[in-house]
Amino acid sequence: MPEQTSLRPLMRDELLPPSRSNRRHLISIKDLGRPDVERVLGLARTFATSLDRDVKKLPTLRGRTVVNLFYEPSTRTSASFELAAKRLSADVMSIKSSGSSADKGESLKDTALTLGAYDPDIVVIRHASIGAPNVVARHVDAHVVNAGDGKHQHPTQALLDLFTMDEEFGSIEGLHVAIVGDVLHSRVARSNVQALVLMGAHVTLVGPPPLIPRGIEALGCEVSHDIDVIRDADVVYVLRMQRERMQAGANFVSSLREYTARWGVTAERLASGQRVMHPGPINRGVEITPEVADSPESMIQRQVRSGLVVRMAVLYDLLTGGPVAAVAPSAIREVA
Ligand code: NCD
C-alpha cells in the first residue's frame, strides 16, 4: 500500500535494513501479519496474570540488556518500556537525548555505535525523524523496537490499543473504531489503522480536511468530515492536537477554541455505551472534555496498563519468537 503523501517515502533499504545479523525488529505494523499480532497479544495476556501477584518480577530475560533511547518527550512509552524490561529481569539503560551527548552534537549513528559497544540485546528508540529506528538497526547488532519515529509509526501503541479493545470486546474482528482529530501528524493513527484493518476492524477517520491526509483511504479505512458519525462507532479513539509537529505558520485550524467547538469529543456527541480511548498525553478541554476523559466509558488508564504487558510481550517475543503455548509456563514463573 502506498505510504502517506505527506511523508518522505522510506527507501526500500530503510524498510528492510541490512543489519549486521538476522535479528528481528519491530519497526512498523506493516512488518507484522495476523499470526504475529495474535502471538504478541496472547503473550501479553499471559504476562497480565503476573500483575496480580505480590511479587511481580519474572526471571524471563535475566542476563539480557535493553537500551531505551528517547530523543522526544515521553512519559507512558518510556516508563512502560523501562518497567517492562525490569519486570522481566533484564538490565536496562534508559537514555534521554537531553543531557546525553546528543546535546553535544553527537549524531544518531555515533550514539548507536557507542551504545552498540555494550552489546545490548534490544534497543528501543523514539526519535523525531522518520526512519531513525532503521538507522539504529543498521549500526547496532540488536533487535530494534520503534517507540515512535516522527509522524510515521508507533507500532507498540497500536498493539496495546488492540490488546485493550480485545480485552473489552472479546475480539477485534468486526469492531467499528472512529479515530478523531489530528490524523495528519499522528503516527498513532497510522499504526492503528494498519493494525485494526489487519485484524478485521472497520475504521473511520474523522476530522477537518486539513488534518486528514489525502489518500489515506488506501490503508483500508474510511474518511468523514462530519463529527456526528462518531456516534455509530463502538470505540471513539481521540487524538491529541500535536502542535509541536505542525509547521510554524501553517494554518491547520483557525484556532484551538474553534477546533474544540467543532471537533472536540464531548458527552453530547457520544452515544451511550460507546468506549473512549486516547493514547495520551491528553489535552483536557481541547480534543476531549474532562467529563469524557474521566467517565466510566473511558479506557485511557486501561490503555496505560496494557502498555506494560504488551511491551513485556514485545521484548520477550523479539528475543524468543516462540509460540505462546510453548513459553507460557516458564514465562510466568516468579523470581525465586
Ligand atoms: C503518542 C506519541 O508520542 O506518538 N503518545 C504516546 O506514545 N502515548 C501520541 C501523542 O503524542 O499524541
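We count ligands from 1, going down the list as the structure has it; atoms in each ligand are counted the same way. No experiment lies behind these values; they were computed from the predicted model shown. Values below: every heavy atom of this structure, side chains too, minus hydrogens, waters and symmetry copies.
- Between His185 and Phe252, a ring centre-to-centre spacing shorter than 6.0 Å is recorded.
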Determine, stepwise, if the pair Asp294 / Arg284 fulfils salt bridge (Lys or Arg N to Asp or Glu O under 4.0 Å).
CA-CA 10 Å; Asp294 299 331; Arg284 284 175 183 265; 2.9 Å; yes

Short N or O contacts of ligand 1 with protein, under 3.5 Å, listed by atom name?
unit_1   : atom_1 : unit_2 : atom_2 : d
ligand 1 : 3 (O)  : Arg126 : NH1    : 3.3
ligand 1 : 3 (O)  : Arg126 : NH2    : 3.3
ligand 1 : 3 (O)  : Arg187 : NH2    : 2.9
ligand 1 : 4 (O)  : Arg187 : NE     : 2.7
ligand 1 : 4 (O)  : Arg187 : NH2    : 3.3
ligand 1 : 5 (N)  : Gly280 : O      : 2.9
ligand 1 : 7 (O)  : Thr77  : OG1    : 3.0
ligand 1 : 7 (O)  : Arg126 : NH2    : 3.0
ligand 1 : 7 (O)  : His154 : NE2    : 2.8
ligand 1 : 8 (N)  : Pro279 : O      : 2.9
ligand 1 : 8 (N)  : Gly280 : O      : 3.2
ligand 1 : 11 (O) : Arg240 : NE     : 3.3
ligand 1 : 11 (O) : Arg240 : NH2    : 2.9
ligand 1 : 12 (O) : Arg240 : NE     : 2.7
ligand 1 : 12 (O) : Arg240 : NH2    : 3.4

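- Between His25 and His143, the ring-plane angle classifies as perpendicular under the 30° and 60° cut-offs.
- Evaluation of the side-chain contact (heavy atoms from CB on, under 4.5 Å) rule for Glu217 yields Val223 as partners, not counting sequence neighbours.
- Take Ser100 and apply the side-chain hydrogen bond (donor to acceptor under 3.5 Å, both in side chains) test, not counting sequence neighbours, and it matches no residue.
- For residues 212-238, there are no ring pair (Phe, Tyr, Trp, His ring centres under 6.0 Å) pairs, not counting sequence neighbours.
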